[in-house]
Every structure is written in structure tokens, then in C-alpha cells.
Participant: 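Starting off with a structure, shown below.
Below, read A as the first sequence line, B as the second, and so on, with proteins coming before strands; counting in each chain starts at 1. Values reported hereafter were calculated over all heavy atoms of this structure, with side chains retained and with hydrogens, waters and symmetry mates removed. Since the structure is predicted, the reported quantities are computational estimates derived from the model, not experimental observations.
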Amino acid sequence: MSLHPYSQILQNWYHIYKRDLPWRDVSDPYLIWISEIILQQTRVAQGMDYYLRFVTRFPNVLSLAKAEEQEVLKYWQGLGYYSRARNLHKAARQIAENYGGQFPHVHTDILKLSGIGIYTAAAIASFAYGQPYAVVDGNVYRVLSRVFGIDSPIDSPRGQKEFAALAAELLDSENAGTHNQAIMEFGALQCVPVNPDCGICPLKDNCVALKTASVDKLPVKERKTKIKARYFNYLFIKHENQTYLQKRESQDIWKNLYEFPLIESDRLFTVDQLIEQDEFKTLFPDTTALKISSIYYDFKHILTHRHIFARFFMIETDKTNSHYKKFGKTLIDNMDHLPISRLTELFLEKIFTR
DNA sequence: AAGTCGGGGAA
DNA sequence: TTCCCAGACTT
């Protein structure tokens, strides 16, 4: 019943400048869901190919529910935040089980699904069903904090409540989907994080931040990610053109992805240090059957909150033994179907393309 | 409330 | 380097 003037401006802008994206102007909640999960903390340019390949292989809820998690992770390989893929798969099975494979229409039901939080539930409900829920993502925080000059930290519960209330107040309830798309697209294209072109902004006469020269100070974030270093000593064991792999199963980075046997420590080892490690001795009690190359491959893998220093040792052995049989044995050429981290992928690319 | 989870692109 | 991206979950 009430259309806020700012929403009108944003929607007018949107109709002119919106990008043509494959998940836009579709009403299938499944497709919208997949796109929303892929785009969490991920740029459109990075997620585009993943989206197209994913929905080609898994075109609907049931095809995803029927798949093995391993294959779903393989389709996610390289995209990061793999809990998204695990939860996506889990939620597909929840939908198959609890809703007969039909994506739920009720907001509270959508919110219960694994991997769907406040933002994604609002996005699906408004895009697919036109329900009046306001989205608040990184774009919305930026637009609202600047236009209204709000310096409450966006990563504090207090700030999040404040922005959520404001977003709900501005929402065009009759056109919730378009309104939500408009404000996010506006944040992504016009009200960008660094050096926005405020001279051509349709809200330049209404923007508090522009008026007070604080565009570059908003939004406010109070937490800074602390970067920690980790040291991975990988064992690339070769035995008759086969190697050994393990699945990372603990609550840690790359959960349920495969990798070479690993000794994590507070440093990278030399070959001499490596063979003195208890874990290594347990694996190879008899070092006479081993050929450990003095050449190894070092990588510095940079993540948002981690610097991972990785060293891959090349170990050749003539005979197998019972100690490292606990690892899955696989033909090196057959690793292709297993989901692996970007780091392991880069190592494999390096040794097979030289 | 704080910590954790990936990877890449832009400035 | 630093920041941030259509965030969610665990502790």
C-alpha cells in the first residue's frame, strides 16, 4: 500500500541497468535456491559457470537428492565454502523427505532447511513467491548505511537488527521480488565498495554519506579477520602408478574432500625432519624400501582467514605395507572423479604439466 | 558474541 | 597488501 520513494527510485534504476542473468526472471524456487547458495560470498562472475553446470547436472530437487554427496562436492570443487554444497545436498533430501520433493512455500519451512539462513529465505520467498520479506545482504548493508548515514556495525547483532528493520520499512510489499533485486543490484553496480561514481547516482540528493563526505567510511565493520598460518606436510606416495588418498572428515577446512596423507605441524619439514616424525615412522617402519626425493613442491595457499604453507614430498615405494593401507589406494589417473581442494588441484597440475 | 569456513578479483 | 563478494553454522 505504501511505496517508499527510495524504492521507486531504485526500481526505476533497476529496470534500466539490471544485468541479464540466467537465474533472473525465473520463478522455479529450485533454480533460485541454487543461485542464491552459489552466490553467497561469491561474485557473479565466479559463480556463473558453476551455476550453469550444476543445474544442468541437477535440474531439480529430486535429481539432487538422489545424487551422492561426493558428486555434488565434485561439482562444487574450486568454489570454496564446501559446507554450502553439503548443506545443499542435505536440504534436497529434506525437501524430498518432508515435502514430497516440492520446494516449500512457507517462509518458516524454507528457513528450516540446511544452509538457508535469514537472507536466503527472504530471497527465495520474495523472488519465487512474491512474499514480502526484505533481503539484507552485503549490498543492502552498504546502500542503507550510506544513504541513511548509519554507522552501526553491520557485524554486530544490534546493527543487524537495525538494518533489518530499516530494510523492512523500505520494502515495496507489492513488488518484493523486484524491490529486493533492485537494491542488491544497485549495491553491486552503482553503490560499490570503493570509489563509487556518486555523480551519476540517482540517490545523490538523498544520500547522507555523500552530504557528509563519509561514503568511504561506510558501512562500519568492527571485527577484523585474524589470519593464522597452518603448515601441511603432504605425502605423495607412488606405488606402481598408484597413490594413496584420505578423506578429510573432521570439522575443519575442506571437510569431505580428498587429499594425500598429511602431517600437519607448526612448520614445514625437511626430509630429515619428516622421517623422524612419529606419524611417519608409523606409516613407514621400514625406510629401506622407500625412495624419498630431495625435491619437493612448496605452495603458499592464501585464504581469507588462513595462510596455508604446504609442502608435497615425493615418496616412491616398491612394496605396499599394512600401515598405510588404511588410506584409499587409487590410480593416479583415476583421481579425476574425486573432489579435491584447489591446493591439491594446483599440485597435480604442476607435476603433470611439466 | 566470536570463530570458522574458500577462492578469486579489484584497487 | 587489503577488502569484499546475493552468508550460515558452530561454539
Participant: At under 4.0 Å between heavy atoms, what does A:Trp76 touch on the DNA or RNA strands: base, sugar-phosphate, or nothing?
Facilitator: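 Counting heavy atoms under 4.0 Å across all strands, no contact is made by A:Trp76.
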Participant: Phosphate oxygens OP1/OP2 of B:dG7: is one of them under 4.0 Å from a side-chain N or O of A:His301?
Facilitator: yes
Participant: Report yes if a side-chain nitrogen or oxygen of A:Arg142 is closer than 4.0 Å to either non-bridging phosphate oxygen (OP1 or OP2) of C:dC5; otherwise report no.
Facilitator: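 The answer is yes; a side-chain N or O of A:Arg142 sits under 4.0 Å from OP1 or OP2.
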Participant: For the CG atom on A:Asp298, are there more than 12 heavy atoms of other groups (residues, nucleotides or ligands in this structure) within a distance under 6.0 Å?
Facilitator: yes
Participant: Using the C1' atoms only, state how far C:dC9 lies from B:dG8, rounded to an integer number of Å.
Facilitator: 23 Å
Participant: Please give the distance between the C1' atoms of C:dA8 and B:dG9 as a whole number of Å.
Facilitator: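 Nearest-Å result for C:dA8 against B:dG9 at atom C1': 23 Å.
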Participant: OP1 or OP2 of C:dA8 sitting under 4.0 Å from any side-chain N/O of A:Thr120?
Facilitator: yes
Participant: Kindly say whether, by distance alone, the side chain of A:Ser341 makes a donor-acceptor pair under 3.5 Å with the base of B:dG6?
Facilitator: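 There is none.
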Participant: Between B:dG3 and C:dA6, how far apart are the two C1' atoms, rounded to whole Å?
Facilitator: 23 Å
Participant: Counting distance alone, no hydrogens or angles: does the base of B:dG3 have a donor or acceptor under 3.5 Å from a partner atom on the side chain of A:Thr225?
Facilitator: no
Participant: Classify A:Arg43 by what it touches in the nucleic acid, base, sugar-phosphate, or nothing, heavy-atom distance under 4.0 Å.
Facilitator: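 A:Arg43: base contact, heavy atoms under 4.0 Å.
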Participant: Under 4.0 Å between a side-chain N or O of A:Tyr82 and OP1 or OP2 of B:dG7?
Facilitator: yes
Participant: Looking at A:Trp33, I'd like to know whether one of its side-chain N or O atoms comes within less than 4.0 Å of OP1 or OP2 on C:dA6.
Facilitator: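 False: A:Trp33 side-chain N/O out of range (4.0 Å or more) of C:dA6 OP1/OP2.
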Participant: When all nucleic acid strands are considered with a 4.0 Å heavy-atom cut-off, which category describes A:Gln181: base, sugar-phosphate, or nothing?
Facilitator: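 It contacts base atoms.
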Participant: Check every strand shown and say whether A:Asn180 touches a base, only sugar-phosphate, or nothing at a heavy-atom separation below 4.0 Å.
Facilitator: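 No contact.
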Participant: Using the side chain to side chain donor-acceptor pair (under 3.5 Å) rule, take A:Arg84 and A:Gln40 through it: C-alpha gap first, then chi angles, then the decisive distance, then the call.
Facilitator: CA-CA 9 Å; A:Arg84 291 184 292 173; A:Gln40 286 172 8; 5.1 Å; no
Participant: Given C:dG7, is OP1 or OP2 found less than 4.0 Å from the side-chain N or O atoms of A:Arg84?
Facilitator: no
Participant: With sugar-phosphate meaning primed atoms plus P, OP1 and OP2, does A:Ser83 contact a base, only sugar-phosphate, or nothing at under 4.0 Å between heavy atoms?
Facilitator: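 The answer is nothing, as A:Ser83 stays clear of every strand by at least 4.0 Å.
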Participant: Just to be sure I understand the rule, does A:Arg24 reach a base, reach only the sugar-phosphate, or reach nothing, if contact means heavy atoms closer than 4.0 Å?
Facilitator: base
Participant: Any side-chain N or O of A:Lys228 less than 4.0 Å from the OP1 or OP2 oxygen of B:dT4?
Facilitator: yes
Participant: Classify A:Ile302 by what it touches in the nucleic acid, base, sugar-phosphate, or nothing, heavy-atom distance under 4.0 Å.
Facilitator: nothing
Participant: At under 4.0 Å, does any side-chain N or O of A:Gln46 touch on OP1 or OP2 of B:dG8?
Facilitator: no
